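Please read the structure below before turning to the comments.
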Amino acid sequence: MPETITDLETAAPEIAETFGSVMEGFTLSKALYTALLLMACIVVVKVLLRLLERTILRLKVERSLHTFIRSTAKILLWFITILIVGDYIGLPVSALLGVLGVAGLALSLALQGTLSNLAGGIMVLISKPFAVGDFVEAGGLSGTVSDIGLVYTKLTTIDNKIIYVPNGEISGEKIVNYNGQTQRRVDLKFDISYDSDPEKAKQVIQEVVGAHPKALFTPVPFARVSAYNESSVSVTVRVWCATEDYWDLYFDLLEQIRVSFDRNGIELTYNHLNVHIVDTGR
């Protein structure tokens with residue numbers, strides 16, 4: 001960083017001296033041609049920005065990325081305009097580029113974290129792993145996406161907290177999008193007693209699922225014995241539903257299957273140890 005400051009201090013007087021000599025030889029005709037060149041450059045800049053705007057709208061680019069691309073293009077085009085006009089009137093364009101390069105290097109070193117998040121934001125907006133309104137796990141957090149910015153993504157948690165997650169963390173981590181598909185599968189497991197009839201348990205489950213208005217029947221709901229444990233028999237249930245109905249179906253099945261089990265004499269159990277005392281007659 002000290003070397004960068006020294007370079008800037010060295011180059012600045014040279015540019016100022018050259019600028020003074022250019023102004024001394026500036027005639028009325030040259031000023032007129034310079035104004036015409038500037039006007040032509042302005043027209044070209046406006047035309048190019050308009051074409052870029054139409055292209056962005058046609059591609060349906062995200063709003064944040066749209067603003068960033070347009071702003072970046074505008075700055076770049078105006079910078080090129082300044083270089084063209086400056087070169088025409090005799091300004092030291094190469095020295096100016098050198099100073100700007102050094103200044104850009106210093107700025108990038110000072111804003112490393114922000115630039116990393118900016119790059120992550122561009123990646124998120126281009127790849128589109130999620131959209132506003134999706135429930136996701138990203139950057140080690142979960143919540144509903146409220147806004148996707150260039151530097152931060154805003155998540156609203158299930159307890160209504162707002163969290164701003166740096167895009168650099170999101171782009172470098174695993175992203176789970178729970179709204180990426182139109183359908184989701186509810187997976188449940190019930191551990192019943194060995195004294196209960198698994199076939200009857202499966203029948204009860206199918207009846208409960210069949211009566212639920214939010215359960216889908218393509219694919220066909222699944223209810224099968226999945227394990228014989230030390231103290232119980234596991235019955236696995238898999239039912240598909242619309243993504244927005246997932247939690248309603250999940251909690252309804254948990255409650256309704258338990259009630260139906262009790263009504264039909266099917267015992268839900270837990271890990272336990274039965275001790276049998278045998279009287280040998282001694």
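Being a predicted model, the structure only gives us computed values, none of them experimental. Count residues from 1 along the sequence.
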Less than 4.5 Å apart, side chain to side chain, heavy atoms only: is that true for [X] and [Y]?
X: Tyr178; Y: Val136; value: no
X: Leu188; Y: Leu254; value: yes
X: Ile170; Y: Tyr152; value: no
X: Ile84; Y: Cys41; value: yes
X: Arg224; Y: Val235; value: no
X: Asn264; Y: Lys200; value: yes
X: Tyr164; Y: Thr153; value: no
X: Glu137; Y: Leu141; value: no

Taking [Y]'s backbone N and O only, do any of them form a donor-acceptor pair with [X]'s side chain (distance below 3.5 Å, no angle check)?
X: Ser171; Y: Gly168; value: yes
X: Thr157; Y: Lys161; value: yes
X: Tyr194; Y: Asn229; value: yes
X: Asn179; Y: Phe135; value: yes
X: Asp245; Y: Cys241; value: no
X: Ser193; Y: Glu267; value: no
X: Ser196; Y: Ile192; value: no
X: Asp147; Y: Val132; value: no

Next on the checklist: Do Thr182 and Thr243 pair up side chain to side chain, a donor and an acceptor below 3.5 Å, judged on atom types alone?
Outcome noted: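 No pair is found: no donor N or O on one side chain lies under 3.5 Å from an acceptor on the other.
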Item to check | Donor-acceptor side-chain pairing of Asp191 and Thr269 below 3.5 angstrom | outcome: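 Per modelled atom types, Asp191 and Thr269 side chains form no pair under 3.5 Å.
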Next on the checklist: Pair Ile42, Lys46 - check side chain to side chain contact (heavy atoms under 4.5 Å, CB included), show working.
Outcome noted: CA-CA 6 Å; Ile42 291 174; Lys46 289 185 176 180; 4.0 Å; yes
Checklist entry - Taking it one step at a time, do Lys202 and Glu199 satisfy salt bridge (Lys or Arg N to Asp or Glu O under 4.0 Å)? => result CA-CA 5 Å; Lys202 287 158 52 178; Glu199 291 301 320; 3.2 Å; yes
May I ask whether [X] and [Y] are part of the same hydrophobic cluster, defined by side-chain heavy atoms of I, L, V, M, F, W, Y residues being less than 4.5 angstrom apart, directly or through others?
X: Phe222; Y: Val209; result: no
X: Phe130; Y: Ile163; result: yes
X: Val233; Y: Leu268; result: yes
X: Met123; Y: Ile148; result: no
X: Val44; Y: Val85; result: yes

Item to check | Evaluation steps, side chain to side chain contact (heavy atoms under 4.5 Å, CB included), between Val145 and Lys154 | outcome: CA-CA 6 Å; Val145 180; Lys154 184 166 71 172; over 6 Å; no
Do you know the tightest heavy-atom contact between [X] and [Y]?
X: Ala223; Y: Ile205; result: CB-CG2, 4.0 Å
X: Lys214; Y: His212; result: N-ND1, 3.1 Å
X: Ala215; Y: Val239; result: CB-CG1, 3.7 Å
X: Ser226; Y: Thr236; result: OG-OG1, 2.7 Å
X: Leu155; Y: Ser146; result: C-OG, 4.4 Å
X: Ala201; Y: Ile266; result: CA-CD1, 3.4 Å

When rounded to the nearest 0.5 angstrom, what distance separates [atom1] in [X] from [atom2] in [Y]?
X: Ile257; Y: Gln206; atom1: CD1; atom2: CD; answer: 9.5 Å
X: Leu249; Y: Gln256; atom1: CG; atom2: CD; answer: 8.5 Å
X: Leu77; Y: Ile82; atom1: CG; atom2: CD1; answer: 11.5 Å

Item to check | Worked check of side chain to side chain contact (heavy atoms under 4.5 Å, CB included) between Val220 and Trp240 | outcome: CA-CA 8 Å; Val220 178; Trp240 287 86; over 6 Å; no
If you draw a 6.0 Å radius around [atom1] in [X], do more than 12 non-hydrogen atoms from other residues or ligands fall strictly inside?
X: Leu51; atom1: CG; answer: yes
X: Phe261; atom1: CZ; answer: yes
X: Arg185; atom1: CZ; answer: yes
X: Tyr228; atom1: OH; answer: no

Checklist entry - Does Lys189 pair with Asp187 as a salt bridge, N-O distance under 4.0 Å? => result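 Answer for the salt bridge query: no.
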Checklist entry - Parallel, tilted or perpendicular: which fits the ring planes of Tyr250 and Trp247, with parallel below 30° and perpendicular above 60°? => result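 The arrangement is perpendicular - the two ring planes meet at more than 60°.
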